[in-house]
Protein chains: 2
Amino acid sequence: MAIEHAILVSLLERPGSGYELARRFERSIGYFWTATHQQIYRVLKRMENDGWVEALVVPQHGRPDKKQYSVADLGRAALTSWLHDPIEPETVRHDLAVKIRGAAFDDPSALIREVERHRQAHADRLAHYLAGEERDFGRRTDSGPYGPDDAERELQHAVLRGGIAYERMMIAWLDDVLATLHRFRDDHFRDDRFRADAPSADPSSADRAAR
Amino acid sequence: MAIEHAILVSLLERPGSGYELARRFERSIGYFWTATHQQIYRVLKRMENDGWVEALVVPQHGRPDKKQYSVADLGRAALTSWLHDPIEPETVRHDLAVKIRGAAFDDPSALIREVERHRQAHADRLAHYLAGEERDFGRRTDSGPYGPDDAERELQHAVLRGGIAYERMMIAWLDDVLATLHRFRDDHFRDDRFRADAPSADPSSADRAAR
DNA sequence: CCCCTCATGTAAGTGGTTACATGATTTA
DNA sequence: TAAATCATGTAACCACTTACATGAGGGG
């Protein structure tokens, strides 16, 4: 529904080839919208047919030619129209939340490891975002109202701050979940229904586990 | 990839018909996983064929018969196996973030209204979650280690706390975005390139907008 | 010599949405 | 009598992923 528009925004920020777009979708714009190169090439072709973008074949020495795409008037109009069209606040899909509720019907130990892995991934992403923020938006030199060229930067920064806030929220929440899972495992989980793969716990916890 | 598992968890929490599942996917489990009734019926049929769930036709007076689904052993095993399988931390899709970066190439006024709408929707959802929390998890009566039947509740509560944290984060971030957009509009956006649909602003702001 | 990067694509399959369809009962 | 709720489905389509395919050049 909107990968076209993400591509339009990215091409307005800077024209580029399908390959370059695919790389951007691994970082930057890809932090809040994913796309594989296969999908990008397909959509780009459709957008070219519809006159939304124009391709300029750029011969390169020692490398395959690339098609440099830029936004055409029709594409710009399509973007404007989309920007003015209200969209519904999207509903998230959280596999992990399903797993957490599912943990009530399973040994929580495996899920604790899984949640720890996710917590680590979010901490890594946060560090990555913060490094990018320092690099791209650190120590602003100006003061007073910013000029016309700063708007793009400012808005990119606002989006990045959203990513940072999201990762911080996730880390705090996963810590909360881990505490809940630990209580579940220590205080409640004690029968052997699910113990097929778990090595036997130490005797003290087995004692505590008396029904 | 996982709607089957969301259905399994929901049916383990309480058996029900496809219709009832569809209603649950509008609330509760639907807060972090959406599904329409069409999809649910289709998946449910496949799950029945695979022996993951069992259907019991319940005749009702004055209403159409319903198929009461419950989880079979094979389904339970499939869920356990999925719970033990690591999943990648999912990448979010945020249309709104694309729009915000796109706002650099358009009149920000329309986007301000859009962001305000989204802020309102998230505030509403937060209020809804908080009411549900009070209703379902308010004033816990027990103290000390909770019993075996509380695990399901505790984990549901942990997931709900995640929803609450998410909405709070979004509201704070959208306030941040609104501040950025207002600065953009007031300090920077002043030429008439995009003014096709915007009624002329008041003279004082037009004065400030002198290049 | 093998792998990585650059560069572009096709084909097949899965997952999910939207539109259409039916029909009885309860509530306003 | 019109609309909403309960209840189940089919069909067509669109979005997206995964696997496969090619080929040149550079670095270890």
Side-chain angles (χ1 to χ4, degrees), chain A residues 1-8 11 15-27 29-30 32-50 53 55-69 82 87-88 90-95 98, chain B residues 1-8 11 15-27 29-30 32-50 52-53 55-69 82 87-95 98:
Chain A
M1 182 78 146
I3 199 195
E4 288 89 345
H5 305 106
I7 288 176
L8 287 173
L11 287 179
S17 67
Y19 186 83
E20 281 163 351
L21 279 171
R23 306 227 52 211
R24 286 182 214 172
F25 274 90
E26 285 166 9
R27 24 174 237 92
I29 204 151
F32 47 84
W33 199 279
T34 51
T36 58
H37 78 272
Q38 292 90 336
Q39 197 190 351
I40 288 167
Y41 284 122
R42 189 154 27 84
V43 172
L44 227 30
K45 184 166 283 179
R46 187 171 66 219
M47 290 169 78
E48 198 184 353
N49 287 337
D50 293 349
V53 294
L56 178 72
V57 176
V58 178
Q60 300 186 117
H61 52 286
R63 286 180 189 176
D65 294 356
K66 68 174 177 182
K67 291 190 200 159
Q68 183 90 9
Y69 286 97
W82 177 69
I87 50 174
E88 285 312 298
E90 54 258 21
T91 320
V92 276
R93 293 253 162 114
H94 273 298
D95 298 68
V98 178
Chain B
M1 183 76 147
I3 201 197
E4 287 89 343
H5 304 107
I7 289 176
L8 287 173
L11 287 180
S17 67
Y19 186 84
E20 281 162 351
L21 279 170
R23 306 227 52 212
R24 288 183 213 173
F25 275 90
E26 285 166 8
R27 21 172 241 95
I29 202 148
F32 46 87
W33 201 278
T34 49
T36 57
H37 78 272
Q38 292 92 336
Q39 197 189 353
I40 288 167
Y41 284 122
R42 187 153 31 85
V43 172
L44 227 30
K45 185 166 282 181
R46 186 170 69 220
M47 290 169 79
E48 197 184 356
N49 287 337
D50 294 348
W52 287 23
V53 294
L56 179 73
V57 176
V58 179
Q60 300 185 118
H61 52 286
R63 286 182 190 176
D65 294 356
K66 68 173 177 181
K67 291 189 201 161
Q68 182 92 7
Y69 286 97
W82 178 70
I87 50 174
E88 285 313 299
E90 53 258 21
T91 319
V92 275
R93 294 253 163 115
H94 272 299
D95 297 66
V98 178

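Chain naming here is simple, since letters A, B, ... match the order of the sequence lines and numbering starts at 1 in each. Side chains are part of it too, since the values below use all heavy atoms of this structure and drop only hydrogens, waters and symmetry mates.
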I need the minimum non-hydrogen distance between [X] and [Y], along with the two atoms involved.
{"X": "A/Ala35", "Y": "A/Ile3", "value": "CB-CD1, 3.5 Å"}
{"X": "B/Asp95", "Y": "A/Trp82", "value": "O-CH2, 3.8 Å"}
{"X": "A/Ala6", "Y": "A/Ile29", "value": "O-CD1, 3.6 Å"}

To the nearest Å, give me how far apart [atom1] ([X]) and [atom2] ([N]) are.
{"X": "B/Arg46", "N": "C/dT14", "atom1": "CZ", "atom2": "C1'", "answer": "9 Å"}
{"X": "A/Arg93", "N": "D/dT17", "atom1": "CZ", "atom2": "C1'", "answer": "15 Å"}
{"X": "A/Gln39", "N": "D/dC20", "atom1": "CD", "atom2": "P", "answer": "20 Å"}
{"X": "B/Glu4", "N": "C/dT14", "atom1": "CD", "atom2": "P", "answer": "12 Å"}
{"X": "B/Arg23", "N": "D/dA7", "atom1": "CZ", "atom2": "P", "answer": "10 Å"}
{"X": "A/Glu88", "N": "C/dT17", "atom1": "CD", "atom2": "C1'", "answer": "15 Å"}

Measure all distances between protein nitrogen or oxygen atoms and nitrogen or oxygen atoms of nucleotides 8-11 of chain D, and list the pairs falling under 3.5 Å.
residue: D/dT8; atom: OP1; partner: B/Lys67; partner atom: N; Å: 2.8
residue: D/dT8; atom: OP2; partner: B/Tyr19; partner atom: N; Å: 2.9
residue: D/dT8; atom: OP2; partner: B/Tyr41; partner atom: OH; Å: 2.9
residue: D/dT8; atom: O5'; partner: B/Tyr41; partner atom: OH; Å: 3.4
residue: D/dT8; atom: O4; partner: B/His37; partner atom: NE2; Å: 3.2
residue: D/dG9; atom: OP1; partner: B/Lys67; partner atom: NZ; Å: 2.8
residue: D/dG9; atom: OP2; partner: B/Lys67; partner atom: NZ; Å: 3.4
residue: D/dG9; atom: O6; partner: B/His37; partner atom: NE2; Å: 3.2

What donor-acceptor contacts under 3.5 angstrom involve side-chain atoms of residues 17-26 of chain A, with partners at least two apart or in another chain?
residue: A/Ser17; atom: OG; partner: A/Tyr19; partner atom: N; Å: 3.4
residue: A/Ser17; atom: OG; partner: A/Glu20; partner atom: N; Å: 3.1
residue: A/Glu20; atom: OE1; partner: A/Ser17; partner atom: N; Å: 2.9
residue: A/Glu20; atom: OE2; partner: A/Lys66; partner atom: NZ; Å: 2.9
residue: A/Arg24; atom: NH1; partner: A/Ser10; partner atom: O; Å: 2.9
residue: A/Arg24; atom: NH1; partner: A/Ser10; partner atom: OG; Å: 3.0
residue: A/Arg24; atom: NH1; partner: A/Arg14; partner atom: O; Å: 2.8
residue: A/Arg24; atom: NH2; partner: A/Arg14; partner atom: O; Å: 3.0
residue: A/Arg24; atom: NH2; partner: A/Pro15; partner atom: O; Å: 3.3

OP1 or OP2 of C/dC6 versus the side-chain N and O atoms of A/Gln60: is any pair under 4.0 Å?
no
Per nearest nucleotide of DNA chain D, the residue lying toward the 5' end, A/Pro64 or A/Thr36, is A/Thr36
Angle between the two end axes of the helix from C/dC1-D/dG28 to C/dA28-D/dT1, five base pairs per end, rounded to 10 degrees?
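If I round to tens, the end axes sit 40° apart.
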Among residues at least two apart in sequence or on other chains, which ones pass side-chain hydrogen bond (donor to acceptor under 3.5 Å, both in side chains) with A/Arg46?
A/Glu4
List the residues meeting side-chain hydrogen bond (donor to acceptor under 3.5 Å, both in side chains) with B/Glu90, not counting sequence neighbours, and say none if there are none.
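For B/Glu90, the residues satisfying side-chain hydrogen bond (donor to acceptor under 3.5 Å, both in side chains) (neighbours in sequence not counted) are A/His94.
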Relative to the ring of B/Trp52, is the ring of B/His5 parallel (under 30°), tilted (30 to 60°) or perpendicular (over 60°)?
tilted
Contact check, side chains of A/Lys45 and A/Tyr41, non-hydrogen atoms, under 4.5 Å
no
Considering residues at least two apart in sequence or located in another chain, which fulfil the side chain to side chain contact (heavy atoms under 4.5 Å, CB included) criterion with A/Gln38?
A/Thr36
